[in-house]
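FYI, side chains are in, hydrogens and waters are out, and symmetry mates aren't considered; it's all heavy atoms of this structure. Here is the naming used below: chain letters follow the sequence lines, and residue numbers restart at 1 for every chain. Model, not experiment: these values are computed from the prediction.
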2 protein chains.
Amino acid sequence: MSMQDTASSGVALWRLVADGIERGIADGRFAAGDKLPGEMEIAETYRVNRHTVRRALAALAERGIVRAERGSGTYVEAQKLAYPLRSRTRFSEIVGAEGREPHGRMIEASEDVATRELARELGLKTGAPLVRIEAIRLADRTPICVSTTWLSAELFPGAGTVFAATRSMTKMLEHYGIRDYRRGATRITAGIVDATDAARLDLPLGRPILVVDATDLDLEGKPLVTKHSRFAAERVEFLVEP
Amino acid sequence: MSMQDTASSGVALWRLVADGIERGIADGRFAAGDKLPGEMEIAETYRVNRHTVRRALAALAERGIVRAERGSGTYVEAQKLAYPLRSRTRFSEIVGAEGREPHGRMIEASEDVATRELARELGLKTGAPLVRIEAIRLADRTPICVSTTWLSAELFPGAGTVFAATRSMTKMLEHYGIRDYRRGATRITAGIVDATDAARLDLPLGRPILVVDATDLDLEGKPLVTKHSRFAAERVEFLVEP
DNA sequence: TCAAGTTGTCTATGATACTAGACAACTTGA
DNA sequence: TCAAGTTGTCTAGTATCATAGACAACTTGA
């Protein structure tokens, strides 16, 4: 595989090799602690120059996924957060259940007005005043997802401040007298991380993300908040249970 | 944004611009038929040279996502397949419901033996004989997903041949007397397409894919088949309904 | 008709990406 | 101790990526 004969995809060869190796680690072909094949062997399997393989391994080493030992070999170190999608999903409970420490932090809150799309989702009128909250969630200091949350500024005045203080969506809603809520429709797709999210998630540019759009409802089915979340695909795996 | 000051991510600048525009189309900032901003304006928003924008637009035009008209502007043409995840998911029904024509085709079938992982999933013993089926599914001739399906070679002898003939998982199971089945646990994550799948899905290298691992059960909850599917993220959107 | 704004094409330059080959530095096991 | 196998480092050449500027070809609306 050379740059000449490949229909150029805009993705560097070393990056494809790095992704291939990472995939091998993710689906268990290489377990944590295993020794990877030699640089020469990897170069042959991907049909690239050894230097290209070295670039790929350097990138993986940079991210702490592998570790090279001169004269000996290159070894694996890695694993994913299991994230169940139920009608009752609470980030802190999910992370806690995996024995990891959940954290949340508000990045920014601002006033906004409802687009037609958002209005429909929240059962409001186009142009209705909204609070927009950008937040990040982490497990053991590793960023897992960033999300943009919208909710009615009339029903939840000062929601941004409350969220910043409580650092929890659940506690923020409790503040407005909402004891329980459930997940409405959820839409999932995948994309490539943009520059802003890359910085927030501490991800290199070009990494895949899981994009989740969801609306939470109160117990009578009335929309409360709607969210647009971006998860680092390499750090999480969604579970849909029957 | 220049190549010098960017911490090199292995993704070309033009590709980032193309992904950004595509994302804008996907989440409705640019609707089908809309005119995109001029090349100069796009160049300014992304802080790149106009030639870099042109490369991005050329790549999108190549894939039929936009269309350039000299002297006038560049226009959008696009949309995604909505794919509900229920306990009863049938590809042909989902595609048909969108008013599109579903197709299925077997790529390859072979004998295999169960790894520990596969054995656990299927309720068999490690090393049990399996049939492995590689298949592709399309909507209106556009490839949507490729999947690898495993099932017991003892319970379903000659399954590959039956599937090749019927071109349908449902009909194949009917052949063995299974009238109905339902979806068990489903695991979803995202990744980057590899060279083999890229060719099968008619995707450029480096595009994001949705990776779905699922097991289908009979009505008593006994595992029938387990699948590893890769969906072209740009052509599909999963819907999780409460 | 004409000016302003759009996409299309050309030339040119410097930085990266990839390949190729050679050899040094180090580890492992016989 | 030594040979084989590993990662680390150097030089060099070609292709691609990105920038820059200039101008042609075309569309649109005044």
Open item on the list: Does any part of the side chain of Val225(B), heavy atoms only, come nearer than 4.5 Å to the side chain of Thr215(B), both counted from C-beta?
Closed with: no
Open item on the list: List the residues meeting salt bridge (Lys or Arg N to Asp or Glu O under 4.0 Å) with Glu69(B), not counting sequence neighbours, and say none if there are none.
Closed with: Arg67(B)
Open item on the list: According to salt bridge (Lys or Arg N to Asp or Glu O under 4.0 Å), who are the partners of Arg167(A), at least two apart in sequence or on a separate chain?
Closed with: none
- [ ] Specify the separation, in whole Å, of atom CD of Glu41(A) and atom C1' of dT7(D).
- [x] 15 Å
TODO: Please check the phosphate of dT6(C) (OP1 and OP2 only) for any side-chain N or O of Thr74(B) closer than 4.0 Å.
DONE: no
Open item on the list: Nearest to the side chain of Ala68(B), heavy atoms from C-beta on, is which of dT19(D), dG8(C), dC18(C)?
Closed with: dG8(C)
Open item on the list: So if I take the C1' atoms of five pairs at each end of the helix from dT1(C)-dA30(D) to dA30(C)-dT1(D) and get each local axis, what angle do the two axes make, rounded to 10 degrees?
Closed with: 30°
Task: Ser72(A) side-chain N/O to dG5(D) phosphate OP1/OP2 under 4.0 Å - done: no
Open item on the list: Can you list everything that forms a salt bridge (Lys or Arg N to Asp or Glu O under 4.0 Å) with Arg132(A)? Sequence neighbours excluded, please.
Closed with: Glu108(A), Glu134(A)
TODO: Report yes if the side chains of Ile21(B) and Leu57(B) come closer than 4.5 Å at any heavy-atom pair, otherwise no.
DONE: yes
TODO: Let me know the distance between CD of Glu44(B) and P of dT19(D), rounded to the nearest Å.
DONE: 13 Å
Task: Length of the line joining Tyr46(B):OH and dT19(D):P, which is rounded to integer Å - done: 14 Å
TODO: If a pair satisfies salt bridge (charged side-chain N to carboxylate O under 4.0 Å, His left out) and one of its residues is in residues 142-151 of chain A, list it, with sequence neighbours excluded.
DONE: none
Using a cutoff of under 3.5 Å, can you pull out all pairs of nitrogen or oxygen atoms linking the protein to nucleotides 23-25 of chain D, with atom names and distances?
| residue | atom | partner | partner atom | Å |
| --- | --- | --- | --- | --- |
| dA25(D) | O4' | Arg70(B) | NH2 | 2.5 |

- [ ] Specify the separation, in whole Å, of atom CZ of Arg67(A) and atom C1' of dC26(C).
- [x] 16 Å
Open item on the list: On DNA chain D, does the nearest nucleotide to Arg55(B) precede the nearest nucleotide to His51(B) from the 5' side, or the other way round? Give the residue.
Closed with: Arg55(B)
TODO: When you get a sec, tell me which of dT19(C), dT7(C), dA17(C) is the closest nucleotide to the side chain of Leu13(A)?
DONE: dT19(C)
Task: Set of side-chain hydrogen bond (donor to acceptor under 3.5 Å, both in side chains) partners for Arg230(B), sequence neighbours left out - done: Thr148(B), Asp197(B)
- [ ] Return the value, rounded to whole Å, for the distance between atom CD of Glu69(A) and atom C1' of dG5(D).
- [x] 15 Å
TODO: Return no unless some side-chain N or O of Asn49(B) is found under 4.0 Å from OP1 or OP2 of dA20(D).
DONE: yes
Open item on the list: Among residues at least two apart in sequence or on other chains, which ones pass salt bridge (Lys or Arg N to Asp or Glu O under 4.0 Å) with Asp194(A)?
Closed with: Arg23(B)
Task: Close side-chain approach of Leu151(B) and Leu130(B), heavy atoms under 4.5 Å - done: no
Task: Rounded distance in Å - CG (Leu60(B)) to C1' (dT7(C)) - done: 16 Å
- [ ] In whole angstrom, give the distance that lies between atom CE of Met40(A) and atom C1' of dT19(C).
- [x] 12 Å
Task: Non-neighbouring partners of Phe238(A) that pass ring pair (Phe, Tyr, Trp, His ring centres under 6.0 Å), sequence neighbours left out - done: Tyr83(A), Phe231(A)
Task: Side chain of Arg54(B) - closest among dC17(D), dG8(D), dT7(C) - done: dT7(C)
- [ ] Using atom CD of Glu39(A) as one end and atom P of dC26(C) as the other, report the distance to the nearest whole Å.
- [x] 16 Å
